[in-house]
> 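So that we are looking at the same thing, I have put the structure below in structure tokens.
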Amino acid sequence: MELEGITKRFPGVVANKDIGFKVRRGTVHAIVGENGAGKSTLMKILYGVQRPDEGSIRVDGKEVNLHSPSDAIAVGIGMVFQHFQLADNFTVLENVTLGAEKLHGIGDAARTKIREISDSYGLDIDPDALVADLGVGARQRIEILKVLYRNARIIILDEPTAVLVPQEVEELFDNLRGLKAEGLTVLFISHKLDEVLSVADSVTVIRRGTTIDTVDPKSVNARQLAELMVGSQLPTPETEESTVTDKVVLRTEDIVLAGGAATRNVLDGISLTIRAGEVLGIAGVEGNGQAELVEVIMGMREPTSGLVFLHDKDISDWHVREIREAGVAYIPEDRHRHALLLEAPLWENRVLGHQTEEPNAKGGLINAAGAKADTERIVRDYDVRTPSIHVKAASLSGGNQQKLIVGREMSHQPKVLVAAHPTRGVDVGAQASIWDIIRTARRDGLAVLLISADLEELIGLSDTIHVILRGRLTGTFDPDTVTAEDLGAAMTGATGHEPGGDVDQPSADASAHPGAAPSADPGADPSVKPSDSKDAR
Amino acid sequence: MSAAGLDVGTTKVPTKPSRRRLTPRHWALIVFGAILLMSVLRVVTGANDLASSGLLIAAFGLAVPIAMAGLGGLWSERAGVVNIGLEGMMILGTFGAGFLGYHMGAWWGLVGAIAGGVIGGLIHAVATVIFGVDHIVSGVALNIIALGFAKYLSVRFFSGLPGGGPTQSPQLPQLPSVTVPGLSDSLGTLEERHIFFVSDLAGVLRALCTRVSIVTIIAVLLFVATWWILWRTAFGLRLRSVGESPVAAESLGVNVIRYKFIAVAVSGGLAGLGGGFLALVAANLFRDGQTGGRGYIGLAAMIFGNWRPGGLLAGSALFGYTDAAQLRGGGTTVHAFLLVFAILLIGIGIWQVARRGRLVQGVLAIVVGLGVGAWYFLTDTIPQELSGTTPYVVTLLVLAFASQRLRMPAADGQIYRKGEGH
Amino acid sequence: GSSDPDPGTTTGSTGTNTAAAGEKLVVGIAYGVGGRGDQSFNASAAVGLDKAKAELGAEFKEATQVNGEAQSATEERLQQFVDAGATHVIGVGFAYAKAIGKVAKDNPDVAFAIVDDASPDSTAPNVANLVFAEEQGSFLVGAAAALKSKTNTVGFVGGVGVDLIKKFEAGYKAGAEAGKAGTVVKSQYLSQPPDFSGFNDPAKGKTAAEGLFQGGADVVYHAAGGSGSGVFTAAKAANGLAIGVDSDQALTAAPDVRDIILTSMVKKVDVAVFDFLKNGSEGTDLTGVKTYDLKAGGVDYATTGGNVDDIKAKLDELKAQIVAGTITVPTK
Amino acid sequence: MNRINPRKALLGIAAPVLALLVAFLITSLLLVLFGDPVGEVWKTILSWPRPRQLVQIINEATVLYLSAIAVAVGFRMNIFNIGVDGQYRVAAFAGALFAGQAWFPGPLNVLLTLIVAMAAGGFWAWIAAYLKVKRGVSEVISTIMLNAIATGVVQWLLLKVAVKQPGSNTISTEPIPESSQLEGLALIPGATNKVYTLIVLAVAVGFAYWFVLGKTRFGFDLRATGQSESAAVASGVKVPRMVVTTIVASGALAGLIGMPLLFGQDHSYGTTFQAGLGFAGIGIALLGRNHPIGIGLAALLWAFLNIQSNALQIQAGVATEVVNIIQGTIIFAVVVAYELIRRADVRLEQQRVARELANAGQGTPAQEGAPA
Ligand SMILES: Nc1ncnc2c1ncn2[C@@H]1O[C@H](COP(=O)(O)OP(=O)(O)OP(=O)(O)O)[C@@H](O)[C@H]1O
Ligand SMILES: Nc1ncnc2c1ncn2[C@@H]1O[C@H](COP(=O)(O)OP(=O)(O)OP(=O)(O)O)[C@@H](O)[C@H]1O
Ligand SMILES: [Mg+2]
Ligand SMILES: [Mg+2]
């Protein structure tokens, strides 16, 4: 495949500018670049979702004209979008055959074919499963199966590893190598440079919409690659001196959240303690209960049993608003769904979540002037890049949206911060500043519950890390000694820490063994210093 | 505002969606149980009309237009377009049936009905699919236009015709109906005997083979066809995919706009056919205001039926049955329903207390149940004014007792814009 | 640009003035929902009007009520006639009661008439209240039904549960009892106000009538306006008989069902309308309540089709008794 | 509502004007197609109303306004209250019944009746709210059903309490005492009829709507729920309670719809009480984009068309219902126009944001980023 002079202009932005590179058949070709560099746009052009304003694409030497995904599919291009393009209420079979019904119909022939592909690539997919029931890893494999089912020769993967744990990433890469061996071409995008270097045969760097260079992964290291991308060093989450005190701020006691009638509990006996100045990290593969844990703590969901304490007060049956008023700040995982009114101006978004608090409200009324003034302050202090506080939240970039949210949540002197994936999808600059904010607040005595899929971030910021698996806390780790691989293994229940690890990991069931794992002990023995975290170093 | 509405009240706990499909055996059992219930009720209350073939035939007649409107709604909403404009499409269908039916004959009337509905569907499709207009806005506007347009046209075209007038068409020619000769009569004899269960079964069977309009048969076939097309063909898969996840469909090369467009047009045609049934079969003429809100009821029946043909059929049948019962038997037949309701309430109350430990709700249900029971035993009939509301009350009650598991197509009511979703 | 039409000029007049004497009649007639072509109540009023046009040279303007309209719209319709130069304004149907009362007071020089209302609402010095003894006519057809019934059960289908229709029902019940003691009357209404769809829904009319026929009735009387055609269809299918209302429906109904129409309760709105206009043309406008009962020939039963020939003697006897006052027909 | 932007204001006016023109063209086209006198129709509809018609327009608009506000309250929270029709029927009946008893002297009777009517309308709506929150029944279905049920129940109760005037074929509740009848305001010179006194009620309701939704915490929560239910939940809004409050509020406002009619015109509730106002309200709320002033303008336009069309049969010999075609077409045309303008606007705004960002962030690495 060959690209030449691809240019794509969006209103106000040039997303791609004179892009050109070649991809050899039977190779894995990586594309790297910062947020907004134009990678996704380029891939969408290759897949016919968007039309380039200029430039040409050649596949096997023949120029192709891609008007729609169907054209791309016809010339053997398949794409896996970062946000999975699956209909949850359809079965795997329906999702896979959709649009490719001509190949093997939508019945038994297709079912057989799916089983065949699944077996030969070790994808382990049941064609009759409902997608809604499946986890991220399986969904990713369905996406790949979709592409293979269509006999694609060129496969595009847009940030396929962002939501996977290391083991899953390894599996994926094995699959990719398998595909490569069969002569397929893989184009793939990632922000994780180590991965890129380990799997790619060549790497193209894009900066501000243009190709900077195509390099051989054997000849560069990650640092050099990063420098090519941004021209400066990547900040990494660095740990600093521990600020953990012995003042317990947030504590949960044996929280259970029942699933549906026939399913296992979504949360099963979660007990944890966070002290002032402590960052408690939770590692887990998506869908293992961390989202529900956050919702229970925030009062958005009623636990089936169990208690939540803020300081010494039982807040289990408090409502979200009371909990927030009591000083629990919340950075939700899905900002579009849970943290923003996309169609409302920034200053109204400043009010959201703090409708009853100064300076947003005066008695029963909204204090628009106060809220606007404070929004200006947040925009200034947190470097939210926006032309005005009157534009809609939707028109900000994701990183700037996130900075606004962080600024808003930190504006009410919180005692606890519940942060789920606070830097997901934001660019390096914004990421660094969000980390800084969390660190500063922690120094001032904030207790932080941090949930993140980015294990580096988790290890770098946390004072203690718990692993959550199938609704249970299955292990406790010291961030100073643990590696991302160890965590990954624990998260999938693959090694060492068995699922339901309450046998050899008493921390998950602290009440049974008080003192055995103080970091998870709900304050049963207050005299125990949180020495097992940073201080012990 | 968007057409999708709020989720509040529907269960959020990640229950596994029950994919227990009802097998033909289950269906048979359900039907059997329903007939048994009716016959017990008939014997206990003495309301002989409850399972008569006449009532059931009437129920079919009242259910078909609703079911057709609902089926229209199903097509459109399966493709992600909320269709509150069914009423308007039906109205256009009645006029189409009246106009072509009078001038060209009954079968052409049917064509006219469908054409009228399709015109309505196309307007809705252009507005919602092409211009991204909020589905509710478009539907409401369509209803207003259709109402005015049909009246305007009928004044324009039916005034002065023999038997016609500003609000009605002349008498329309009849469409054929089917009766299985020997069977219908012998079942009739059996039915007259009022033997427990046997006569009731005979009544049901007789209703199925006596004076069945050809349009009813077409309607049944359309149900089967809809099920087959939407759930068994590639076309249907694509159509449903644009209602579940248009972005995913688009990424696989499905022309989302085209499928939505087709679905809404078909939706209009089906609703129009429902209107055509009213004009050609139920009344033999077009009359202004003939639809009487049946489009809305069809929409309700579809939601009731959880966006599935079988459920929709059950919903329309329930409505048709209760409506026919109150229209034919008036207060006396409806009075019999009180007994069912009382027993149901007391049963639920006991269950609430015994199995779920909900004392307050349970006792409340029992008390209300006893009250209804007392009402049953202390009166012989229900006033006309109240019995007329039976179908609405029953629908509401059934929904209240068995809602919650409804699941609409995931992208229903969302405005889709090409290429903006990825 | 455009302005009001000059009051007094007559736009779109349909009649030619051949009146021999008296003032020139300019009539505004406001029909109820359904309008001139409803083959029933309004159509009957139109017949009177057409006769006035032919015989008195009246010229007229027509308008029809819209379902569920505002009271102000009803008034405005009448006022528009006055503005357009009408000398006589007729409101067809009780829905015009308040409006007539109000507009008549505003326009003392114009003569008004209202059909089916004699309440204080519509009373004014320049209003004629044209009311009918529907119960008397219904009594006669009720007797006819009872006499013809083999099952001793007869049915009644009312369009909308308003008082006027209940008056029909009351007379019909009394008549059935008089025709043959012990006759069972089963009644059914199709909708309740303000939902007036019961006058427009033949499908429901048919279903209700089927229920009555299958419930043992063999004659069904309808006072359901446009839904009546459904009653006839049901009667035809059930080999039963039906009774029409307002007009002689054996003449106006669809040809294929005419043979099963036993009789009709004829309500001679045309006579009342013509009376009012005739008096007007003679310069002596009618005012006050004018009751069109059996005695005045305002209501009657129809004999078209010959289905009641055999019981005509009995019916006429009852009729005479009512006229003579020996029978008082209840209205409730 | 802040920082009036001339471009936006211009676009805001252009849309409705354009839409009216389009509706005019489409309707004319239809009339020509079916051979009706286009000129006559427009002459009738577009002539300047006489004083008495002006009063009628204002009165009709008053009632329509109340209805549309009732619907709009729901719309702002993504709740579709089709049940306004039934709610105002129940309320008008309850109010008329109460006022007819004359338990209290003149104005106090009026005031208390308003409260009774709001309570009745609110109660009827509460049934739908309860079913939605507790049983997950879509309010679209439940309110459709409740409309029909209201008809039967009210008629049944009416029969129980009705008084009948001699010679009348209608029944109604006891007329309200003369001391409580509001004869109206002589606002339009030269008109014999008067503007409903309760127009002040409509004005007050409009103001309250604007104030509560735009200025209070409650209003903020309501709108937030409408914009994003999930975000509202996370921000501490008790959505179920909000839903109940809003639906009940919508029903209570619906309860006021019949009040100007009751006190200014009918003086009792009977079989000829005006019906169908709830459905008109839906159209008007949508046309006025749920904005208190927009709804006011839409209600006036709607009422203007309704009143002016009264003369269509007499002057142009065309069915009055042509006006429905015009009204429906206007709704379509307006929303399409707004949508087109919205698209243009979004593009312009994005362009502006991107440009300003590019200028501001010159040299910073993440400048062109609009990361998701
Ligand atoms: N449909 C669109 N309309 C307008 N601008 C767009 C559109 N899609 C992308 N852009 C802009 O084009 C630029 C490149 O976006 P692109 O999605 O290609 O970035 P990316 O390299 O994939 O970033 P990331 O690492 O976040 O995935 C960004 O500035 C973005 O705002
Ligand atoms: N229609 C649009 N108008 C303006 N900006 C857009 C539009 N569509 C996308 N963008 C912006 O382009 C950027 C990239 O969007 P895109 O959809 O390519 O994300 P992605 O790369 O697929 O996902 P992610 O950024 O999470 O990796 C985002 O900042 C988004 O806000
Ligand atoms: Mg991207
Ligand atoms: Mg990205």
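Numbered from 1 within each chain, the chains take letters A, B, ... in sequence-line order.
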> Can you name the closest pair of heavy atoms from D/Tyr65 and D/Ala202 and give their distance?
CE2-O, 3.5 Å
> Go through A/Lys362, A/His319, A/Glu348, A/His354 and name the one with the most non-hydrogen pairs under 4.5 angstrom from chain D.
A/His319
> How about CD1 on D/Ile293, more than 12 heavy atoms from neighbouring residues, nucleotides or ligands closer than 6.0 Å, or not?
no
> Non-hydrogen atoms of chain A under 4.5 Å away: do they reach the side chain of D/Val212, the backbone, both or neither?
neither
> List in chain and number order the residues that pass salt bridge (Lys or Arg N to Asp or Glu O under 4.0 Å) with A/Arg324, two or more places apart in sequence or in another chain; answer none if no residue qualifies.
A/Glu409
> Can you name the residues that form a salt bridge (Lys or Arg N to Asp or Glu O under 4.0 Å) with A/Arg321, not counting sequence neighbours?
D/Asp221
> Which answer fits A/Leu352, side chain, backbone, both or neither, if we ask what part of it has an atom under 4.5 Å from a heavy atom of chain D?
both
